[in-house]
Amino acid sequence: MRIDIATLFPEMCEAVLSESIIGRARRAGRVEMHCHNIRDYTLNRQKSVDDYPYGGGHGMILQAQPVYLCCKAIEAQQQVEKPHVIFLTAGGKTFTQQRAKELARLPAITLVCGHYEGVDERVIEELADEEISLGDFVITGGELAALVVADSVARMCDGVLSCKEGYEDESYYNGLLEYPQYTRPEVWRGRIVPAVLRSGHAKNIADWRAEQAVLRTKQRRPDLWEAYANAKKDPKAK
């Protein structure tokens, strides 16, 4: 899979994507990632990419043309039949694990990072296949959101993790929160690892983890539990 990020801060994105599991996967060729500087596609000498908003208001707006040219250059490099372009915006649909799974099946995606007070709506209308938000809060720019999406999608690509269980057992993948995890020492500040996890009995451990996942989801995220329970009753509702 190939993931491209259009941003004003490619060095910031590269720094994150070059570390840890994703960094190793990139170096091993398991996933292809590229960061592109939108400023390289501006048509003025000053390399400015923003201007004042029509109608007045606070701050500056990212211009349509450099974003458009950057995305078109990325499209030419991707060489896919239909590029999938995602704008990271506060008004986008909330990102979920289910959407990450769906995006991981695509051959390539482009993540466009907004900045300043937003992006000229016309380029979003022209290029966007979808808009994504991380949640009901505001951050300075789209870079952090794009990095979250890129990481979440990339880790489900073949060979990025050592085995599928590395992401299939985690929170949200199957609609539930993950069960509690423990490591050595067996006793820490008077708190002991549950006996079942020390038993070595694979089925009992699996049953306990399944029960804990249900319990934790019910207690902490009743909204997730309701959606999970409804999907179990009607598989077509997923």
Side-chain angles (χ1 to χ4, degrees), residues 1-42 47 49-50 62 66-67 69-80 83-90 92 95-97 99-116 119 127-135 137-173 178 181 183:
M1 182 184 191
R2 173 172 172 144
I3 300 175
D4 290 89
I5 299 179
T7 170
L8 296 179
F9 301 97
E11 295 85 1
M12 169 185 172
C13 296
E14 282 288 354
V16 174
L17 297 175
S18 298
E19 297 294 333
S20 189
I21 292 172
I22 302 303
R24 291 194 296 272
R26 290 180 74 187
R27 291 188 288 274
R30 303 297 186 183
V31 62
E32 191 176 350
M33 291 182 167
H34 302 275
C35 301
H36 309 262
N37 194 335
I38 295 172
R39 290 188 189 279
D40 291 341
Y41 298 89
T42 185
K47 293 291 183 181
V49 294
D50 60 324
L62 194 56
V67 174
L69 292 176
C70 183
C71 288
K72 285 300 177 180
I74 292 170
E75 180 182 334
Q77 294 176 29
Q78 288 177 340
Q79 296 183 332
V80 296
H84 191 84
V85 180
I86 301 167
F87 278 73
L88 287 307
T89 67
F95 188 57
T96 65
Q97 184 67 27
R99 190 62 189 132
K101 286 193 282 185
E102 294 163 355
L103 292 174
R105 301 187 190 111
L106 298 177
I109 61 173
T110 299
L111 302 170
V112 183
C113 305
H115 213 72
Y116 308 117
V119 181
L127 295 176
D129 292 289
E130 63 180 305
E131 296 177 59
I132 283 178
S133 167
L134 293 189
F137 54 90
V138 177
I139 52 180
T140 301
E143 283 73 22
L144 293 177
L147 290 168
V148 168
V149 173
D151 182 280
S152 181
V153 171
R155 66 199 314 278
M156 286 186 289
C157 294
D158 290 342
V160 172
L161 299 183
S162 58
C163 60
K164 290 184 177 180
E165 288 77 11
Y167 57 81
E168 289 181 349
D169 284 347
E170 291 181 328
S171 293
Y172 307 115
Y173 188 84
E178 189 178 7
Q181 297 276 20
T183 188

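For the numbers below, each heavy atom of this structure counts, side chains included, while hydrogens, waters and symmetry mates do not. Along the sequence shown, residues carry numbers from 1.
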If I take atom [atom1] from residue [X] and atom [atom2] from residue [Y], how far apart are they, to the nearest 0.5 angstrom?
X      : Y      : atom1 : atom2 : answer
Lys101 : Arg105 : NZ    : CZ    : 7.0 Å
Cys35  : Glu11  : SG    : CD    : 9.0 Å
Arg155 : Ser20  : CZ    : OG    : 9.0 Å
Ile3   : His84  : CD1   : NE2   : 12.0 Å
Thr89  : Glu131 : OG1   : CD    : 3.5 Å
Cys113 : Ile38  : SG    : CD1   : 7.0 Å

Side-chain ([X]) to main-chain ([Y]) donor-acceptor, under 3.5 angstrom:
X      : Y      : result
Arg39  : Thr7   : no
Arg2   : Val31  : no
Ser18  : Glu14  : yes
Ser133 : Gly135 : yes

Original post:
Could you go step by step and tell me if His36 and Asp4 meet the side chain to side chain contact (heavy atoms under 4.5 Å, CB included) rule?
Top reply: CA-CA 7 Å; His36 309 262; Asp4 290 89; 2.7 Å; yes
Original post:
Please walk me through it: do Asp40 and Cys70 pass side chain to side chain contact (heavy atoms under 4.5 Å, CB included)?
Top reply: CA-CA 8 Å; Asp40 291 341; Cys70 183; over 6 Å; no
Is the closest side-chain heavy-atom distance between [X] and [Y] below 4.5 Å?
X     : Y      : value
Ile86 : Val112 : no
Leu8  : Tyr116 : yes
Val85 : Glu130 : no

**OP:** Using a strict 4.0 Å threshold on nitrogen-to-oxygen distance, state whether Arg24 and Glu19 make a salt bridge.
**Re:**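 The answer is no: the pair does not qualify as a salt bridge.
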Subject >> Intermediate values then yes/no, side chain to side chain contact (heavy atoms under 4.5 Å, CB included), Val49 and Leu62 >> reply: CA-CA 6 Å; Val49 294; Leu62 194 56; 3.5 Å; yes
Only one of [options] passes side chain to side chain contact (heavy atoms under 4.5 Å, CB included) with [X]; say which it is.
X      : options                        : answer
Phe87  : Leu111, Leu127, Thr110, Ile132 : Leu127
Pro83  : Glu75, Gln77, Lys72            : Glu75
Leu134 : Val148, Leu88, Leu144          : Val148

**OP:** Step by step, work out the side chain to side chain contact (heavy atoms under 4.5 Å, CB included) result for Arg30 and Cys157.
**Re:** CA-CA 8 Å; Arg30 303 297 186 183; Cys157 294; over 6 Å; no
Subject >> Nearest non-hydrogen partners of Leu17 and Ala150, listed with the distance >> reply: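 Minimum heavy-atom separation between Leu17 and Ala150: CD2-CB, 4.4 Å.
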**OP:** For residues Ala104 and Met156, report the shortest heavy-atom separation together with the two atoms involved.
**Re:**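 What the structure gives for the nearest pair is CB-CB, 4.2 Å.
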Original post:
Who are the salt bridge (charged side-chain N to carboxylate O under 4.0 Å, His left out) partners of Asp129, not counting sequence neighbours?
Top reply: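 Salt bridge (charged side-chain N to carboxylate O under 4.0 Å, His left out) check on Asp129 returns Lys82.
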**OP:** Give a yes or no on whether the ring-centroid distance for His115 and Phe9 is below 6.0 angstrom.
**Re:**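 Yes, the ring of His115 comes within the 6.0 Å limit of the ring of Phe9, centre to centre.
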Subject >> Partners meeting side chain to side chain contact (heavy atoms under 4.5 Å, CB included) with Lys47 (sequence neighbours left out) >> reply: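 Here the qualifying residues are Thr42.
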